[in-house]
**Q** 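Handing you a structure now.
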Amino acid sequence: MNLRTPINQIKGIGKQKQNCFKKMGIEKVEDLLFYFPRKYINLREIKKISNLKEGEKVTVKGSIIAREEKKGYGKVNYLKVAVSDGTGILYIIFFNQIYLKNVFQIGKTFIFYGKVEFFNKEMEMINPFYEEYEGKKIDWILPVYPLTKGLSQKIIRKTVKHVLKNLTEYPDEILPINRRFALNISNIKHALFNIHFPISEVNLEKARNYLVFREFFIFQLNLFWKKNVERKTEERIYRVDEKIIQEFENLLPFKLTENQKEVMEEIIKDLKNGKLIRRLIYGEVGSGKTIIAIFALWIFGKMGYQGVFLCPTEILAQQHYINWREFLLNQGINVSLLTGKTVEKSKIINEIENSKINVIVGTHAILNEKINFKNLKIVIIDEQHKFGVKQQEILKERSKNIHYILMSATPIPRTLALTIFGNMDFSTLGEIPKGERQVITYMFSKENKEKVYSFIKFLISQNKIGFVITPGIKENENIESVEEKYKELKEKFTDIKIGLLHGRMEKEKQEDVLKKLKNREINLLISTTVIETGIDIPDVSFIVIEQAEKFGLAQLHQLRGRVGRSGEIGYCFLIVYNENEEVNERLSSFIEKESGFDISELDFNLRGPGDLLGTRQHGILPLKIGDIYKDIELLELAKKEVERIFKIDPELKKMSYLKKFIKNE
Ligand code: ADP
Ligand code: MG
């Protein structure tokens, strides 16, 4: 039996079970080896029967003192076995498994693992795990696998055991023995044996450490390889004028911040070095990322290349287009807007293919159309976290050597960023261009929300504008709908001009409502989180977030980022409908924290990375065993080792065996 042996060639695996295994992604022996237990049952902690408590899951060791077949209601029959360990009697019940009576022979000793229940003053376990106790032969630490319908723990355990016994080759080792020794990690054989059937807790830990390290190592290896190889491939070194940033600034109505200039310098440096740009620019809402994008589009546009500015929403694309069209046109750079709504699509596509257009601002519509770009050189993805990983990569295939700039306002903890975006460079925009921003955040319970409403009434009387955010569009049991809220507040505030905004409205209407808000034709906008995404409304004074407990911290942070950008104090009101300790703690710390990075660490700690990244990026990390949060030390160890390797052997010539761990996508 080798790693490629199909699973159905294993004894006991027929067509039906083969299909079940396939559902779990297991087709060959190797897949099974890397199908890790989800947890373990330690059978060593044996409890005395006299000490058992109802409801607990325990291991008991005892001998069979009696057994009988019973008829229950209907067709149910069961086997009842009495077990004693000298301190008391425990009854074991097996439903519809009368044949087990041959197993539980009187006088034999077994261990049982299961949940203790009381029934008619008797202590019972129903359908527990059991194994005959014959001294050392027991697997004291029992693996528990993720299951699918049609498979049981028993089958998987048996199959894995069979494989481990009959396997004649093992997966290739990632590192030579001296390195593994230096890093204090074991070997693949030890690891695979002990992750499935650990001999001891210590061995289990060693096995897990090895496998986590291995996983991170391969992951980082791929990132570094991509970074090293892919990025070398830009065929030309650009000569960039020393004063180019100055020249650009002179065209703008405002001065660039030092921070913005730094990021521009970083971009230019890549070009001068003939490196493909792979840069993630993180900056809070309002930190002025757009101008960086325009700068890059301008540089390439002036050279006659094409660039794409990809936005997650129609509103955002339109906004960028409207704001920057003239600027670029004045520089001889032709711009087009391409979204799902674009009427003259084929004409525009034609012009792109004939190189009449340099800059295309648009939504995922750009990805959907099969455009043959004439000479696409740069892609900028605004609010990149709103796009799936695959979507972000689509344009890479359309042209050779494309530079990529990703922009994000979702703060990501550094360690996580290194893991996911390890093949990229980072820039941060920290400074807010229009001076210090001050937002005061308050939390109110639902009962006290009238206080909030009367305060915003006051603000509006001062000609201020603001938002009321609700979590949902449509009403459902738990979530107040935006339309309901709109009606409610319209009735309440008869003398205030109120607008409604949500993602299912026509885009023109959305745009229209925002324009009205800007012009003070309305003062209060009831909205869903559509406003979270990058829309530039400069001087909103307050934001009321209804059912704040329904939002993630990163999201709240984005929402809060909408206010107080005019230089005046902004107000953020969190209205909590369902208070509990967890919610209180979470929101209180949100109130205290100001910067996005703090928030991200907080969110990460409280909820884990999945929530932080949003569902879109949830599947981004192909990790089976490693946990980027808990195993951070191993992650760093793996990263260091990969760094070390690439330092001495950047093209993996000496260590060419490592290439087989590199996936070619
Ligand atoms: P982000 O995309 O990072 O959320 P934007 O690029 O939309 O932020 O910028 C927010 C606002 O700040 C815009 O109105 C923009 O014109 C303005 N802005 C950007 N840079 C500067 C600057 N250096 N000085 C003054 N205003 C700026
Ligand atoms: Mg933006």
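As the structure lists them, so they are numbered: ligands from 1, and atoms in each ligand from 1.
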**Q** Taking only heavy atoms of Lys255, which atoms of ligand 1 are found under 4.0 Å from at least one of them?
**A**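 Checking each atom against Lys255, I get 22 (C), 23 (N), 24 (N).
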**Q** Out of Leu574, Leu587, Ile575, which residue meets the side chain to side chain contact (heavy atoms under 4.5 Å, CB included) rule with Ile545?
**A**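 Answer to the side chain to side chain contact (heavy atoms under 4.5 Å, CB included) test with Ile545 among Leu574, Leu587, Ile575: Leu574.
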**Q** Answer with yes or no after comparing the ring centroid distance for Phe300 and His403 against a 6.0 Å cut-off, counting only values under it.
**A**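 Yes.
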**Q** Who's closest to atom 8 (O) of ligand 1 heavy-atom-wise, of Pro253, Ser408, Gly288?
**A**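 Among Pro253, Ser408, Gly288, the closest heavy atom to atom 8 (O) of ligand 1 belongs to Gly288.
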**Q** Where do Ile366 and Phe373 come nearest, in terms of heavy atoms and distance?
**A**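 Heavy atoms of Ile366 and Phe373 come nearest at CG2-CZ, 4.2 Å.
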**Q** Just which atoms of ligand 1 are under 4.0 Å from any heavy atom in Thr257?
**A**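 Answer for ligand 1: 23 (N).
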**Q** If you measure from each heavy atom of Ser287 to ligand 1, is any distance below 4.0 Å?
**A**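 Flag set, Ser287 near ligand 1.
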**Q** Kindly indicate whether a cation-pi arrangement holds for Arg560 with Phe590, taking the cut-offs as under 6.0 Å to the six-membered ring centre and within 45° of the axis.
**A**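 Yes, cation above the ring, under 6.0 Å and within 45°.
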**Q** At under 4.0 Å between heavy atoms, which part of Thr290 makes contact with ligand 1: side chain, backbone, both or neither?
**A**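 Both backbone and side chain.
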**Q** Kindly determine whether Phe455 and Phe573 satisfy ring pair (Phe, Tyr, Trp, His ring centres under 6.0 Å), including the steps that lead there.
**A** CA-CA 10 Å; Phe455 187 69; Phe573 299 99; 5.8 Å; yes
**Q** Tell me the contacting part of Gln260 for ligand 1: side chain, backbone, both, or neither, using a 4.0 Å heavy-atom threshold, strictly below.
**A**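 For Gln260, only side-chain atoms sit under 4.0 Å from ligand 1.
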